[in-house]
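Okay, so here's the structure we're looking at.
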Protein chains: 2
Amino acid sequence: MTRTRDPEGGIRVAVSTVILTLRRDADGAPRISLPLVRRIRDPHRDAWALPGGWLDVAESLEEAAGRTLAETTGLAPSYLEQLYAFGAVHRSPTRVVSVVYWALLRSDAVDAQSAAYRATGAAPENVDWFDAAGLPSLAFDHARIIDYALWRLRNKVGYSRVAHGFLPPEFTLAELREAYEAILGRRLDPANFRRQVESAGSLVPTESFRTGSHRPARLYRSNTDVELADRGPLAPEETRTS
Amino acid sequence: MTRTRDPEGGIRVAVSTVILTLRRDADGAPRISLPLVRRIRDPHRDAWALPGGWLDVAESLEEAAGRTLAETTGLAPSYLEQLYAFGAVHRSPTRVVSVVYWALLRSDAVDAQSAAYRATGAAPENVDWFDAAGLPSLAFDHARIIDYALWRLRNKVGYSRVAHGFLPPEFTLAELREAYEAILGRRLDPANFRRQVESAGSLVPTESFRTGSHRPARLYRSNTDVELADRGPLAPEETRTS
DNA sequence: ACAAAAGTGTTCATGTTACACCCATGC
DNA sequence: GCATGGGTGTAACATGAACACTTTTGT
């Protein structure tokens, strides 16, 4: 903001979002899954790309992320965080700076919305869900952006409660552990996992139990006194759709 | 990138940088210090602001950060990382999305450059250095941006080698510890600090010693095999000025 | 000799990992 | 009854904080 030359060089600002959820595969194991949008115009026509769009003058970055998220999935995220601003000169034929967010969706909400779309036949067009481990070839630098989002998720799960963003309000410890295992890509010891999350103080036990197989498992709630992740001094105006 | 309406709403992209270094105060204790620029036009004329400028069509975000950094300090950073993209609608009278970076400068390089400026009388105008703990009132949302940068630095120092970015190629463990202490704002046990950084494998002992007071202290080098911080899958094109 | 910083050793508390074991349910 | 996941106990090990102690210099 100290330069004198004309700033307007035809740089456009786009906002895209890496939307993540857990879906169970054929074996019943949860996998990280995300929606992609098939592009209907050049560049990269017909290629799969991250949901996103141009930033509107009247909306904040986070509002734009929430908007395209709703347009793509019909849902509001359980967690939304800015990932990175990508601005390499040649990442698109025209000059575009993409501010990318990443979001978590509750898997039960995704399933319910999918069922509703099937019932009404009103699903968004050109949107499909993909297993994060088996993505098609993607437009622009979106493959690397997704890699980075998954890396951030794997890191963040170690020092925050973001994994709760995948789960409904009540869940068993096995379900929470399965979420961690899907994110980290490795099995966790159930006994040690229990003690770690219990001592973290982020869980509130309920008096309900999930029955149906073997010994019933106690249901827990997320402790809503604590945010899913510490955003530091980033005040609500910048981190909330408000 | 899926929307149909006209994208061009007069949104401009600025790049600013929180430039951090260590300077010794009157007592000889190192303090985090940063350069600010006095604004010469509205909005916020005469207020202090972060160094920055409009993003040029032909330069990447990181190049823009490096450029304003050089314009402000005459130096290249020892560490440079994107901090956050700020895009609240009313953070400026006109619509501006600011992609903010944070950078570390070696304190010896800053001192040398200051001396050179004094010798030649060619110092950049309207630039002054401030102790991070005693900042004046700032333009826009820049005070909060600096808070966030300092928070990020404090966090990152715990799981990376970023503190080395403040120091010359050779330094004593006491100097490294002083850097950590200035960042964290608390004293560290010299004995435990030594073992922790030694076992981290990021230090290479030399055969030289810093003499002059009491028992000579061994000089160390940073292990250049490892980056100052793990940037994950963000490839060089996005993280380097190249 | 003494002060002060460099550097080593030791102890205690805490957290992590591995794994043995008991518990409660569906079948 | 027995298989299976839910849940508890425990020992081994790694990590970190606190602090006593030795070493080496300048004065």
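Every chain is numbered from 1, with letters handed out A, B, ... down the list of sequences. These figures come from a predicted structure and were not determined experimentally.
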Candidates [options] - which lies nearest the side chain of [X]:
X       : options                   : value
Q196(A) : dT16(C), dC19(C), dA18(D) : dT16(C)
P216(A) : dT25(C), dT8(C), dC19(C)  : dT25(C)
A217(B) : dA6(C), dT17(C), dG7(D)   : dA6(C)

What does [X] touch in the nucleic acid at a heavy-atom separation under 4.0 angstrom: a base, only the sugar-phosphate, or nothing?
X       : result
A191(B) : base
R177(A) : sugar-phosphate
R218(A) : sugar-phosphate

To the nearest angstrom, how far is R194(B) atom CZ from dA17(D) atom C1'?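 Checked: the CZ to C1' distance equals 17 Å.
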* Is the centre of the Y148(A) ring less than 6.0 Å from the centre of the W102(A) ring? ->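 No, ring centres 6.0 Å or more apart.
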5' precedence on DNA chain C between S199(A) and H214(A) (nearest-nucleotide basis)
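With S199(A) and H214(A) compared, the 5'-side residue is S199(A).
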Under-4.0 Å salt bridge between [X] and [Y]:
X       : Y       : result
R152(A) : E81(A)  : yes
E178(B) : R24(B)  : yes
E227(A) : R161(A) : no

Q.
For dT23(D) and R215(B) - does any side-chain N or O of the residue sit under 4.0 Å from the phosphate oxygens OP1/OP2?
A.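 Result: no.
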